Protein chains: 2
Amino acid sequence: MARRDTRELILATSLGLFNEHGEPNVTTNLIADEADISPGNLYYHFRSKDDIVIELFKRFLARFQPLIDIAADERINAEDLWLQLHLAFEVKGEFRFLYRNLADLTARIPDLDRAMRALLERERRSIENLMTGLGKSGLLDASGVQKKLLTQNMLLALTYWIPFSDLQDPEGLEDGSAQIYGIARVLLMLTPHLREPESSQLTDIAYTYLSRVV
Amino acid sequence: MARRDTRELILATSLGLFNEHGEPNVTTNLIADEADISPGNLYYHFRSKDDIVIELFKRFLARFQPLIDIAADERINAEDLWLQLHLAFEVKGEFRFLYRNLADLTARIPDLDRAMRALLERERRSIENLMTGLGKSGLLDASGVQKKLLTQNMLLALTYWIPFSDLQDPEGLEDGSAQIYGIARVLLMLTPHLREPESSQLTDIAYTYLSRVV
DNA sequence: GTCTATATCTAGATAGAC
DNA sequence: GTCTATCTAGATATAGAC
């Protein structure tokens, strides 16, 4: 098999196994076995197991980073917000192993630690930008402290809803229903602080999508 | 040293190290070293490392279980709710290693998996009881779907705020400020759905406590 | 590029003396 | 009850043939 193909095969296999069993529970031998290659071959393509994790993280970042840069723009309507959340949860679901063992992975791999901290910070700023935009439009009614707590609550849901859901109902992530719940969850945090009619509009949109999976 | 003392010493040392470094990163040799005993002695008192984890979980449960049984009662005033949340976050902070590696610990230790699932379910019901009580008193204004999402959001924060906070600011858990934020965070989810004057009352209480740490 | 065989290392756990 | 010494298993990673 061509060099490129095997490398991609290893990555795809690793991602699947990592997501299913958790990264610490997946050995390099298992990856090789599942990919129908030898352990030695795996180490021809990757220097270490951490190297695989780092490469997967890069792929995740390439997909995810653009999504939060969009939100840094000023105005955003309800449909856009939904779509953006949808894409965000979708990508995080595809790379959910990263969030399942976040603390240990960052403790073990300094590069990942830096990158993940930076990413969380960007996400936080992205949410702040969103709220600032809503505030300027006179749509958001919340004090400074409320905004701060609200931001952290949304970030918490954006970070840990996927692992939390995985814990209780792993299948929900496969069929996409868990992602829908995640979106609705984040929107519900926001709507009580929005002025009408936007609050009701966003609530309606959330309910419409929710009705597909409930 | 008496049998009892050494056993307790091992547990206390393990808890400290687990919380600080994460359970997977703490070896039995390190525990023994830190406790100034031999590895062999450790295995005289505990059959396995998992045994230590299970015993610590039992201690956690003995502290935590009573807290959520209180909430299952009908009426609860704002001060009680605050106190209950405070105690809950305090205990979870003391045993935070359990939540940092929740998925892997439950995957590895079947007894812990069952117990943790049962605990999460009890917590969920406890929150539902709280909201049902508030609804009966005419204080809570939320639809069925909203209640469900709100419940899950609160449970998410109750489960993952501690690890999330640990990730960003480990010291906040030592001085207790992270716990205060956790409480305010959960209360803020609830207040937008409460009728006046209870909503404002609860918000004021949250702010009062928050002002101590901001 | 890929394989088989193996080195290395570390963790959990045990044996047996004291 | 506690120690020292050691076993064993399993994981990452490498060496060298093909």
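None of these values were measured; they are calculated from a predicted model. First the proteins, then the strands, lettered A, B, ... as listed; each starts at 1.
- Take A:Glu128 and apply the salt bridge (charged side-chain N to carboxylate O under 4.0 Å, His left out) test, not counting sequence neighbours, and it matches A:Arg124.
- Applying the salt bridge (charged side-chain N to carboxylate O under 4.0 Å, His left out) test to every pair with at least one member in residues 29-38 of chain A, sequence neighbours left out, gives no pairs at all.
- The side-chain contact (heavy atoms from CB on, under 4.5 Å) test applied to A:Thr28 returns A:Leu42, A:Tyr43, A:Lys49, not counting sequence neighbours.
- Sorted by first and then second residue, the salt bridge (charged side-chain N to carboxylate O under 4.0 Å, His left out) pairs with a member in residues 146-158 of chain B form an empty list; sequence neighbours excluded.
- Residues satisfying the salt bridge (charged side-chain N to carboxylate O under 4.0 Å, His left out) test with A:Asp50, not counting sequence neighbours, are A:Arg108.
- Near DNA chain C, meaning a heavy atom under 4.0 Å away, there are no residues from residues 98-114 of chain A.
- C:dT10 atom P lies 15 Å from atom CG of B:Asp33, rounded to whole Å.
- For the contact set between residues 10-17 of chain B and DNA chain C, defined by any heavy atom under 4.0 Å, there are no members.
- For B:Glu20, there are no side-chain contact (heavy atoms from CB on, under 4.5 Å) partners, not counting sequence neighbours.
- Aromatic rings from B:Tyr160 and B:Phe164 are positioned such that their centres are separated by 6.0 Å or more.
- Applying the side-chain contact (heavy atoms from CB on, under 4.5 Å) criterion to A:Tyr207, with sequence neighbours excluded, gives A:Thr203, B:Ser143, B:Val145, B:Gln146.
- We find that CG of B:Leu42 is positioned 12 Å from P of C:dT14, with the value rounded to whole Å.
- Evaluation of the side-chain hydrogen bond (donor to acceptor under 3.5 Å, both in side chains) rule for B:Asp111 yields B:Arg114 as partners, not counting sequence neighbours.
- Spacing between atom CG of B:Leu30 and atom C1' of C:dT10 amounts to 13 Å, rounded to whole angstrom units.
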Under 4.0 Å protein heavy-atom contacts per nucleotide of nucleotides 11-18 of chain D, with B for base, S for backbone only and - for none: SBBB----
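- Within the structure, every pair that satisfies the salt bridge (charged side-chain N to carboxylate O under 4.0 Å, His left out) test and touches residues 81-103 of chain A, not counting sequence neighbours, is listed here: A:Arg63-A:Glu94, A:Lys92-A:Glu123, A:Arg96-A:Asp166, A:Arg96-A:Glu174, A:Arg100-B:Asp104.
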